[in-house]
Amino acid sequence: MSVVYNLKMMSYLPLIFTCALLVGKVEGRVTWNRTKLESFQAEVATTTSTPTEQDCPGGYSLVGDKCLLFVTFVAEPYGEARQFCHAAKAELAAITTATDFKNLVDYIHGSDFSGADFWLDGSDEAEEGVWVTSSGEAVPLGTPFWAAFGRGQQPDNNNGNEHCLFIPSGWFFYMADNPCSVVKNFICEATNQMRKETASAALAPFGPSAVGGRVACPVLFIEVGGLCLMFVTWAEETWEDARRACTGASAELLAITDVEVFRALYLYIHQDNLSSHAFWLGGSDLTSEGTWVYTTGEPVPMGTPFWGISNFDAPIQEPDGGTDQNCLAITGEGYFNFRDYSCASTFNPLCVYTG
């Protein structure tokens with residue numbers, strides 16, 4: 001590293017240790033839909049210890065279980081951003097679980113960083129299409145991490161030179177690839193922080209999932225993310241008929257409020273070759289336009305990392321169908337992000353066992 005660069009880093013270091021940020025606290029919650037699976041929640045939530053704000057170095061904020069420094073006072077290309085983090089005894093922030101991703105996006109919105117684009121730890125410079133962090137850990141691909149439009153899902157290596165990972169504000173902070181030479185803000189992560197046990201698990205080709213465990217499910221139902229689900233691929237129904245079909249099987253249309261369950265569902269759909277199907281979930285805004293609730297009465301989580309993006313040229317986030325599209329579904333065409341559709345559309349019911 002040159003003397004000039006060292007001096008440049010030294011000039012920024014006082015800012016690192018004086019720009020303390022408000023810590024956001026985000027809680028995830030699993031929707032159990034009145035099943036008898038509550039014990040699984042405690043099993044999944046078991047951790048060895050819980051970091052506190054006092055465990056983070058000065059200037060860093062506790063986001064989930066990570067100590068992060070949001071560098072908004074300087075913008076750098078990807079390589080220089082990494083060097084900046086190294087000078088602060090850190091690394092670019094690595095996001096490898098759905099929970100970490102949701103915590104990060106929620107914190108960004110809660111801290112008024114909404115106009116910034118941030119580099120994260122991840123690239124495929126060594127091998128095209130193989131995304132890894134600087135430590136060699138797999139960067140998870142697909143939903144709910146990467147931006148998806150009707151024409152495709154990131155990363156797309158546009159013009160053959162997009163090899164570094166960032167989250168753009170214009171794409172609602174979903175992950176995307178960009179040329180490493182572009183200047184952006186970035187997020188550093190203190191390297192001495194423990195990670196959740198699930199962060200080191202790899203599940204190729206889509207990356208790690210933090211939901212596991214086994215539960216006993218009735219015939220036709222299969223355990224996914226601790227829930228007993230029935231993928232009714234042999235019938236296509238309107239939303240109302242799909243709900244009745246689930247009720248007849250002692251079930252309900254699936255409600256998802258936990259991002260790890262969402263990730264586990266996405267992985268299962270691809271692993272079991274169900275990606276050509278479209279599935280109804282239990283959410284709608286039929287009662288009050290714009291107020292999305294599940295049939296259980298629980299609110300449908302809004303924004304990133306649940307709802308997809310439409311209109312590549314002028315991105316807007318779903319739901320965007322107004323009074324014509326009042327029911328919630330996940331489809332292969334929509335990369336299995338949440339999207340609103342006409343309730344008269346015919347999709348496969350996705351039922352969760354309620355006993």
Side-chain angles (χ1 to χ4, degrees), residues 31 33 142-144 147-153 172 174 220-222 224 227 229-249 251-257 261-270 272-354:
T31 296
N33 286 334
T143 303
F149 301 89
R151 65 176 67 178
Q153 187 167 40
F172 305 95
Y174 279 107
L220 297 182
F221 287 82
I222 186 165
V224 179
L227 302 174
L229 303 185
M230 179 170 63
F231 296 80
V232 187
T233 56
W234 55 89
E236 293 184 345
E237 308 283 359
T238 65
W239 187 82
E240 291 287 358
D241 288 343
R243 185 180 181 186
R244 282 190 283 269
C246 291
T247 301
E252 185 60 88
L253 283 174
L254 177 63
I256 301 175
T257 60
V261 173
F262 188 31
R263 175 63 174 175
L265 174 63
Y266 173 81
L267 293 174
Y268 179 82
I269 286 172
H270 283 278
D272 211 47
N273 297 316
L274 299 176
S275 57
S276 62
H277 293 273
F279 297 99
W280 284 123
L281 299 182
S284 77
D285 67 344
L286 287 166
T287 301
S288 176
E289 174 60 31
T291 302
W292 285 81
V293 295
Y294 287 116
T295 56
T296 60
E298 295 171 284
V300 176
M302 306 304 291
T304 306
F306 293 95
W307 290 82
I309 311 172
S310 62
N311 194 352
F312 182 87
D313 295 322
I316 56 176
Q317 190 159 36
E318 304 265 3
D320 63 352
T323 57
D324 294 327
Q325 299 178 344
N326 298 112
C327 290
L328 174 60
I330 54 173
T331 69
E333 181 182 46
Y335 295 87
F336 297 102
N337 285 124
F338 287 8
R339 298 183 188 270
D340 56 341
Y341 291 90
S342 166
C343 301
S345 301
T346 54
F347 298 144
N348 300 127
L350 177 49
C351 309
V352 60
Y353 181 69
T354 58

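These numbers come from the heavy atoms of this one structure, side chains and all, not from hydrogens, waters or symmetry mates.
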Original post:
Applying salt bridge (charged side-chain N to carboxylate O under 4.0 Å, His left out), which residue pairs with at least one partner in residues 342-353 are found, sequence neighbours left out?
Top reply: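 Pairs touching residues 342-353 that pass the test: none.
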
Subject >> Residue pairs involving residues 341-353 (criterion salt bridge (charged side-chain N to carboxylate O under 4.0 Å, His left out); sequence neighbours excluded) >> reply: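 Counting only pairs at least two positions apart or across chains, no salt bridge (charged side-chain N to carboxylate O under 4.0 Å, His left out) contact touches residues 341-353.
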
Might you point out which heavy atoms bring [X] and [Y] nearest each other, and give the distance in Å?
| X | Y | value |
| --- | --- | --- |
| Glu298 | Thr296 | OE1-OG1, 3.0 Å |
| Ala264 | Val224 | O-CG1, 3.7 Å |
| Leu253 | Cys246 | CD2-SG, 3.7 Å |
| Ala249 | Phe221 | O-CZ, 3.8 Å |
| Leu220 | Met230 | O-CG, 3.5 Å |
| Trp292 | Pro319 | NE1-CG, 3.5 Å |

With sequence neighbours left out, write down each residue that passes side-chain hydrogen bond (donor to acceptor under 3.5 Å, both in side chains) with [X], or none if nothing qualifies.
| X | answer |
| --- | --- |
| Thr304 | Gln317 |
| Thr238 | Asp241 |
| Glu237 | none |

Please tabulate, for side-chain N and O atoms in residues 327-338, each donor-acceptor pair with protein atoms closer than 3.5 Å (sequence neighbours left out).
{"from": "Thr331", "atom 1": "OG1", "to": "Gly334", "atom 2": "N", "distance (Å)": "2.9"}
{"from": "Thr331", "atom 1": "OG1", "to": "Tyr341", "atom 2": "OH", "distance (Å)": "2.9"}
{"from": "Tyr335", "atom 1": "OH", "to": "Gly152", "atom 2": "N", "distance (Å)": "3.4"}

Quick one: does [X]'s side chain get under 4.5 Å of [Y]'s, heavy atoms only?
| X | Y | answer |
| --- | --- | --- |
| Trp307 | Met302 | yes |
| Leu227 | Leu254 | yes |
| Val293 | Thr287 | no |

**OP:** Just jot down the side chain to side chain contact (heavy atoms under 4.5 Å, CB included) partners of Asn326, sequence neighbours excluded, or say none.
**Re:**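 Testing Asn326 for side chain to side chain contact (heavy atoms under 4.5 Å, CB included), a comparison that skips the adjacent residues, returns Asp285, Leu286, Glu289, Cys343.
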
Subject >> All side chain to side chain contact (heavy atoms under 4.5 Å, CB included) counterparts of Asp324, not counting sequence neighbours >> reply: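 Testing Asp324 for side chain to side chain contact (heavy atoms under 4.5 Å, CB included), a comparison that skips the adjacent residues, returns none.
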
Original post:
Distance from Arg263 atom CZ to Thr143 atom OG1, nearest 0.5 Å?
Top reply: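 Result: 8.0 Å between the selected atoms.
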
Subject >> Separation between CG of Asp320 and CD1 of Ile309, rounded to the nearest 0.5 Å >> reply: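 These two atoms lie 11.5 Å from each other.
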
For residues 344-352, run the donor-acceptor check on the side chains, cut-off 3.5 Å, and write out each pair with its distance to 0.1 Å, sequence neighbours left out.
{"from": "Ser345", "atom 1": "OG", "to": "Ser342", "atom 2": "O", "distance (Å)": "3.0"}
{"from": "Asn348", "atom 1": "OD1", "to": "His277", "atom 2": "ND1", "distance (Å)": "2.8"}
{"from": "Asn348", "atom 1": "ND2", "to": "Val232", "atom 2": "O", "distance (Å)": "3.2"}
{"from": "Asn348", "atom 1": "ND2", "to": "Ala235", "atom 2": "O", "distance (Å)": "2.7"}

**OP:** Please list all pairs passing the ring pair (Phe, Tyr, Trp, His ring centres under 6.0 Å) test where one or both residues lie in residues 315-334, with sequence neighbours left out.
**Re:**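 Sorted result for residues 315-334: empty, none.
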
**OP:** List for me each residue that meets ring-ring contact (aromatic ring centres under 6.0 Å, His included) alongside Phe231, sequence neighbours excluded, and say none if there are none.
**Re:**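 ring-ring contact (aromatic ring centres under 6.0 Å, His included) list for Phe231, sorted by chain: Tyr268, Phe279.
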
**OP:** With sequence neighbours excluded, tell me which residues meet salt bridge (charged side-chain N to carboxylate O under 4.0 Å, His left out) with Glu318.
**Re:**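 Testing Glu318 for salt bridge (charged side-chain N to carboxylate O under 4.0 Å, His left out), a comparison that skips the adjacent residues, returns Arg339.
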
**OP:** Can you spot which of Phe262, Phe172, Tyr174 makes a ring pair (Phe, Tyr, Trp, His ring centres under 6.0 Å) with Phe306?
**Re:**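 The ring pair (Phe, Tyr, Trp, His ring centres under 6.0 Å) with Phe306 is passed solely by Phe262 among Phe262, Phe172, Tyr174.
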
